[in-house]
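Everything on this sheet refers to the single structure shown next.
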Amino acid sequence: MITAAQARRVAVAAQGFGEAKPAGAVTRAHLKRLIARIQVLQLDSVSVAVRAHYAPVFSRLGPYDRDLLDRAAWSHSARSPRLLVEYWAHEAALMAVDDWPLMRWRMAEYEHGRWGRDIVKRNGKLAEDIVAAITELGPATAGQIEAHLESEPRGRKGPWWDRSDTKWVAEALWASGVLTTATRIGFARHYDLTERVLPPDVVARQVGEPDAVRELALRAATALGIATEADIRDYFRLSARQVKPAIAALVADGELEPVEVEGWAAPAYLRAGQIVPRRDRGTALLCPFDPLIFFRPRVERLFGFHYRIEIYTPAPKRQFGYYVWPFLLDGRLAGRVDLKADRAAGALHVLGAFTEDGRDRAHVAAELAAQLKQMAGWLGLANVVVGERGDLVPQLRTALLH
């Protein structure tokens, strides 16, 4: 039997919290090790504070040059080969280039895309035209592809299509692995042929579904440290049909150890060789899509912390705010802040600040203030401005003065 506190410590440590941050500049080697540990950086279009894929690196390694991540994900040179690639690993996410073949089974499932399959199926000719256009143009957005096709004589393309169809079909070609993301400019995806973006050996590598799922389940269990079947499934969005035999094989091979966790209704699995920390460690601001917290049932089970993103909740009905960051303090979730970066004014706005029940507000405020100052500096913002909402506001204002 493992206690709830031990499970929490294992989970936080497995995600890379509690370790010393780099003394100097964060390097490509630091980033590579982090990705090997947490596997994915989820992508999201919301940029009210900072885009989601940048935040987990900051939370674990401290302030770093975001160009480092941009170069790793969306550029390539002989001296600095592409390190990351986009795909449906969890949701749309960055993952290691070498791991792209582990998703071939999903690419086969998404032959006609993840959504809008009827649109894709009735536009087979458009798919051919898009591939031909990208072959000629090089990396291009859906709008650029559409403009190119519209500029050609109609007779070369066959029947006309609705303007939205180009994006649907390009996304389907991306999901099926025919195309991938060559770069992003202003966060707009520029598609290119996969074989022109990824190394030939990666493109050529074939991994069958059972082997791929076993490896993905092992990667998920390692990133989680301790996990239920549902936790493991969620990390790479696997199905129960896939995961049950994979877990059984990993247990049989000694890679996972079945354990009971105090207060958990479902059986759990501990990664073999996982050390159980003796004390709680780890302090960081966590964006809503951080791998430690992106599976909300696990957050509640580990931390007793009820968390929902309220972007789509009408403002009057929001409990905590639009884009709320949980605050990890000494290995526990101690509060949450609604953040917005006002780049024109050079300020990081704390629109709301809240403490979890039973926590020392003065201590939470002091540690949170330090994290907010560091985050503001990382984002190139001169000030941290605290709003009116939340029980932590008075103490946080005071702490920011020191």
Side-chain angles (χ1 to χ4, degrees), residues 2-21 49 55-56 58-60 62 225-226 261-264 276-310 313 318-340 348-376 384-402:
I2 290 180
T3 69
Q6 287 174 321
R8 182 182 63 246
R9 291 170 194 153
V10 166
V12 172
Q15 280 283 312
F17 294 103
E19 296 184 356
K21 294 177 179 177
F58 167 73
S59 297
R60 290 157 178 79
I226 188 167
V261 179
E262 173 191 16
W264 289 21
V276 179
R278 294 183 178 180
R279 62 187 181 92
D280 288 304
R281 297 180 63 192
T283 296
L285 284 161
L286 306 174
C287 87
F289 304 106
D290 190 286
L292 180 64
I293 61 168
F294 57 34
F295 188 41
R296 311 306 189 207
R298 177 176 169 85
V299 176
E300 203 148 350
R301 192 182 337 118
L302 278 172
F303 300 101
F305 188 92
H306 181 77
Y307 181 53
R308 298 292 183 272
I309 192 164
E310 298 182 274
T313 303
R318 290 178 193 142
Q319 183 178 5
F320 296 109
Y322 179 81
Y323 201 73
V324 173
W325 297 56
F327 179 45
L328 183 74
L329 174 58
D330 297 330
R332 302 186 184 195
L333 292 179
R336 59 190 94 197
V337 283
D338 184 17
L339 298 180
K340 179 179 180 179
L348 178 63
H349 287 277
V350 182
L351 304 176
F354 308 85
T355 319
E356 288 298 285
D357 290 343
R359 301 308 297 255
D360 180 335
R361 286 181 187 167
H363 177 57
V364 173
E367 297 295 330
L368 177 58
Q371 293 294 317
L372 289 168
K373 288 178 181 178
Q374 187 180 68
M375 183 177 183
V384 178
V385 179
V386 181
E388 302 295 332
R389 292 188 296 105
D391 64 292
L392 190 56
V393 163
Q395 290 88 349
L396 184 57
R397 282 182 178 155
T398 300
L400 284 165
L401 295 175
H402 300 289

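In what follows, residues are counted from 1 in the order of the sequence shown.
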- Query: Any side-chain heavy-atom pair from L329 and V364 closer than 4.5 angstrom?
  - Reply: yes
- Quick one: do D330 and R281 make a salt bridge, cutoff under 4.0 Å? no
- Message: I need the single residue from L368, V324, L351 that forms a side chain to side chain contact (heavy atoms under 4.5 Å, CB included) with V337. Which is it?
- Response: L368
- Task: Would you confirm whether E300, through its side chain, and P297, through its main-chain N or O, come within 3.5 Å as a donor-acceptor pair?
- Result: no
- R9 side chain reached by R278 side chain, heavy atoms, under 4.5 Å: no
- Item | Minimal non-hydrogen separation, G225 against V10, with atom names | C-CG1, 3.6 Å
- Task: Apply side-chain contact (heavy atoms from CB on, under 4.5 Å) to the pair T283 and Q371, showing each step before the final yes or no.
- Result: CA-CA 8 Å; T283 296; Q371 293 294 317; 3.9 Å; yes
- Query: Can you check side-chain contact (heavy atoms from CB on, under 4.5 Å) on L339 and M375, steps first, answer last?
  - Reply: CA-CA 11 Å; L339 298 180; M375 183 177 183; 3.8 Å; yes
- Query: Rounded to the nearest 0.5 Å, how far does CD of Q319 lie from NE2 of H306?
  - Reply: 7.0 Å
- Message: Contact between W264 and L302 at the side-chain level, heavy atoms closer than 4.5 Å - yes or no?
- Response: yes
- Query: So do the side chains of V386 and L400 get within less than 4.5 Å of each other, counting heavy atoms only?
  - Reply: yes
- Message: How long is the straight-line distance from CG of D391 back to CZ of R359, given to the nearest 0.5 Å?
- Response: 12.5 Å
- Task: Taking all heavy atoms of A284 and all of F327, pick out the closest pair and write down the distance.
- Result: O-CD1, 3.6 Å
- Residues in ring-ring contact (aromatic ring centres under 6.0 Å, His included) contact with F320, at least two apart in sequence or another chain: F354
- Identify the two heavy atoms, one from L292 and one from Q15, that lie closest to each other, and give their separation to 0.1 Å. N-OE1, 3.6 Å
- Item | Within-4.5 Å side-chain heavy-atom neighbours: P288 and F294 | no
- Residues E388, R397: salt bridge by 4.0 Å N-O rule: yes
- Task: Could you walk me through whether V299 and L333 pass the side-chain contact (heavy atoms from CB on, under 4.5 Å) test, one step at a time?
- Result: CA-CA 9 Å; V299 176; L333 292 179; 3.9 Å; yes
- Could you give the distance from CG (D280) to CZ (R332), rounded to the nearest 0.5 Å? 5.0 Å
- Message: With heavy-atom distances below 4.5 Å as the criterion, would you say the side chains of L285 and L372 are in contact?
- Response: yes
- Mind listing the closest non-hydrogen atom pair of L328 and G282 along with its distance? CG-O, 3.4 Å
- Message: Run the salt bridge (Lys or Arg N to Asp or Glu O under 4.0 Å) test against D290 and tell me which residues pass, sequence neighbours left out.
- Response: R60
- Item | Stepwise side-chain contact (heavy atoms from CB on, under 4.5 Å) check, F58 with C287 | CA-CA 10 Å; F58 167 73; C287 87; over 6 Å; no
- Query: Within 45° of the ring axis of W325 and under 6.0 Å from its six-membered ring centre, is that where the NZ or CZ of R336 lies?
  - Reply: no
- Task: Kindly give the heavy-atom pair with the smallest separation between V12 and G331, and that separation in Å.
- Result: CG2-O, 3.9 Å
- Does some side-chain heavy atom of E262 sit less than 4.5 Å from a side-chain heavy atom of I2? no
- Query: Any donor and acceptor pair, going by atom type alone, linking the side chain of D338 with main-chain N or O of A353 inside 3.5 Å?
  - Reply: no
- Message: Tell me whether K340 at atom NZ has more than 12 heavy atoms from other residues, nucleotides or ligands lying less than 6.0 Å away.
- Response: no
- Item | Non-hydrogen atoms of I293 and R296 that approach each other most closely | O-NH1, 2.7 Å
- E310 versus Y322: any side-chain heavy-atom pair under 4.5 Å? no
